[in-house]
Amino acid sequence: MKKSDSNRLTKKQWETTARRFYDIFNDYVVIYDPIDGGKDFIIRYFNPKAEKTDKIKKENILGKKVTTAFPSVKKFGLFNVFQRVYKTGKPEHFPIKWYENNRIAGRRDNFVHKLPTGEIMAIYDNPTENKFFKDGLKESEEKFEAVFNSSNDGIIIADQRNKKFYTGNKVICKMLGYSLNELKNLSVLDIHPKKDLPHVLSEFKKQSERKIDVARNLPVKRKDGSVFFADVSSSPMIISGKPYLLGIFRDVTETKKTEEALKESEEKFRAIVENATDQIFILDKNQRFIFMNPAVSMLFGKPAEKIIGQSIYKFFPKHIAEQFVKLNLNVIESGKGNYSEQKMIIGKHEFYNSSQLNPIKNKNGDIIAVMGITRDITERKKYEDELKKMNEKLKEIDAAKTNFLNVISHELKTPLTAITAHLGILDDFKNSLEEQGRTSLDAIERNNQMLRMLIDNILETSRIEAGKFELNYSKVDINKVIKDSANNLKILSEKKGIHIIDQTKKLPLIDADEMRVKEIMNNLIENSVKFTEKGSIILKAKRNEKHIQVSVIDTGIGIPKDKIKNLFQKFYQVNSSMGRRYGGTGLGLTITKQLIELQGGKIEVKSELGKGSTFSFTLPINNHSQNNLKGGVK
Ligand code: ADP
């Protein structure tokens, strides 16, 4: 997780701020960069005051060694002080001494510090010239204020000896809620909660001893008593021979809050990972564990410290480890996640595992590791296997049922043919029969016809399913087929007072089996007539790119939504008592769907209960696979 540090004061930031102060100092400030472990010092910074007094332009001196720029520095004794301060980190005062080289001569009073950045800072003044600072910093206060007030951070200067504030910028006044005059009457001890003072002072001490650069999250007390948190950088400075402390304050309350929220969510996240029963781990590119949750320990029966840093080859038999490595490499190479299931054998333990692997990328988008979540799916696999077996059994039962029906139908066909033949003979004597006899004969004929239809349908769907069904393709005029079907059913429909309205558009000839398309049309229109009591039946047909689409739209009883999916099942009738009344078999739509799909088309139903139904089917215009079309629909 990313730490929010945008509001943090960096070393560089406080250094820049501090240097802006040195620019306006009435003291001479020079900063040196030690080289070769303190053998010499390169001049990095030279403030304007120093330029003036030492009669040298900073462009001519920056980047030069101190021994070159000030040839007498060793003789003068200051060089030794530099080396000592560099080594010990402790500031030193090099009291007033006469300095002279071929360019300048004068008395120098030097204070030497080591900065947190490791550089050496020399602050010196010329006591003979010290007409500034008679009243301390007052005269330059305006200049200070200009720098102070251009900063976004709170800046304050305190006397190092009594910790009293000397001055501060507008930001610090706003942060603390004091006016500048009020602030000048306070000391460091007044702007921190009492109970935190020991900690605050120890942090400042650490800073002065260069143990830390910035004191983080120091509690700071406002005038109204409320507390905020600030990162504080303090650096010592000598002004007119007096030691001061420059403090730069940055309010990090918000940052702290964000950090705490992040920490909290990190803890929550950790709790989830730690308590997960799934194994969660991260592998580096060399297949070594770099992170894992307790579930991984449980699986391997080893404590975490024995797993971290080890290769997965150590924990799995070679063939399984290799399988995993292959999957990991796949993720690393493709940069994509991967889900897989595998059978695992570890010792005597045999189980099924699922694994989800995902790449972990660095900021540049390079893959640096793979995160995996694995889960024992043995139970699920067991259910799946059982389900599969059950499904197969059901299929067997279904096949046996179809076979049984098939055999029965064949067996029934012979006596039925005989009955039909005898009924034909009996029909010749119909007129000589009594009324009761005639009614019975009619009933026998009607039922005989229904039985034959049922048996024909069973045999037809069985043949299609068994793949023993041949289609005879030719160029079919679909408009004509629709018209003929409508005419055939006209008498039946008009008996019920229902009109069949043909609204088909002119269509191209299609590759199809004409007889079978007629059967499809008859089935659909007949159903519509059967299940419509009033209104009309509209026939529509249009071309859809490479297909024709035919719709039979009725204003009949409609079909409940949840029943639509069952319509094409064998022997299914939405309402079986109605089926008996209308004399259906529940096989019509099964066969219709099979015939449509055999010819490369599709059927769909839209219906609203009580309002009507629309059965639409498509058929390809050009059927290139017609030669090898030979049943086989399930
Ligand atoms: P059936 O021989 O019973 O008509 P089908 O397979 O042709 O068998 O139809 C199955 C069932 O679908 C019918 O019994 C009926 O419940 C329903 N059905 C079919 N077409 C329509 C329609 N146009 N309107 C309402 N219900 C229909």
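Ligands are counted one by one from 1 in listed order, and the atoms in each one are counted from 1 as well.
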Open item on the list: Taking side chain to side chain contact (heavy atoms under 4.5 Å, CB included) as the definition, give me every residue that meets it alongside S226, ordered by chain and number, with sequence neighbours left out.
Closed with: R222, D224
TODO: Please state which part of D554 comes within less than 4.0 Å of ligand 1, counting heavy atoms only: side chain, backbone, both or neither.
DONE: side chain
TODO: Would you kindly specify which portion of S613 sits under 4.0 Å from ligand 1, judged on non-hydrogen atoms: side chain, backbone, both or neither?
DONE: side chain
Open item on the list: Would T590 count as a polar contact of ligand 1, with the cut-off being nitrogen or oxygen pairs under 3.5 Å?
Closed with: no
TODO: Would you check whether G586 has a nitrogen or oxygen atom less than 3.5 angstrom from a nitrogen or oxygen atom of ligand 1?
DONE: yes
Task: Electrostatic pair D398:K395 at N-O distance under 4.0 angstrom - done: no
Task: Under the ring-ring contact (aromatic ring centres under 6.0 Å, His included) test, residues paired with Y339 that sit two or more places apart - done: none
- [ ] Please report the C-alpha distance between K475 and D511 in whole Å, then the side-chain angles of each, then the deciding distance to 0.1 Å, and finally whether the salt bridge (charged side-chain N to carboxylate O under 4.0 Å, His left out) criterion is met.
- [x] CA-CA 5 Å; K475 290 282 175 201; D511 292 324; 2.7 Å; yes
Task: Short N or O distance, N575 and ligand 1, threshold 3.5 Å exclusive - done: no
TODO: Go through the steps for L509 and V476 under the test side-chain contact (heavy atoms from CB on, under 4.5 Å), then give the verdict.
DONE: CA-CA 5 Å; L509 299 183; V476 178; over 6 Å; no
Open item on the list: My understanding is that only one of I559, T590, I603 makes a side-chain contact (heavy atoms from CB on, under 4.5 Å) with L567; could you say which?
Closed with: I559
- [ ] Find all atoms of ligand 1 within a distance of less than 4.0 Å from any non-hydrogen atom belonging to K530, and give their numbers and elements.
- [x] 1 (P), 2 (O), 4 (O)
Task: Where ligand 1 meets S528 - atom numbers and elements under 4.0 angstrom, heavy-atom basis - done: 23 (N)
TODO: Please identify which atoms of ligand 1 are closer than 4.0 Å to at least one heavy atom of L589.
DONE: 5 (P), 6 (O), 7 (O), 9 (O), 12 (O), 19 (C)
Task: Polar proximity ligand 1 side, V574 side, N/O cut 3.5 Å exclusive - done: yes
Task: Closest approach of S297 to I307 (non-hydrogen atoms, all atoms of both residues) - done: CA-CD1, 3.9 Å
Open item on the list: Below 4.0 Å from ligand 1: does a non-hydrogen atom of F615 turn up there or not?
Closed with: yes
- [ ] Report yes if some N/O of Y572 lies less than 3.5 Å from some N/O of ligand 1; otherwise report no.
- [x] no
Task: Ligand-side contact atoms (ligand 1) for residue partner I559, heavy atom cut-off under 4.0 Å - done: 25 (C), 26 (N), 27 (C)
Task: Working for side-chain hydrogen bond (donor to acceptor under 3.5 Å, both in side chains), residues Q599 and D513 - done: CA-CA 8 Å; Q599 298 178 78; D513 180 330; over 6 Å; no
Open item on the list: Counting only nitrogen or oxygen atoms and a 3.5 angstrom limit, does L567 reach ligand 1?
Closed with: no
Task: Minimum heavy-atom distance K306-F315, with the two atoms named - done: O-CZ, 3.8 Å
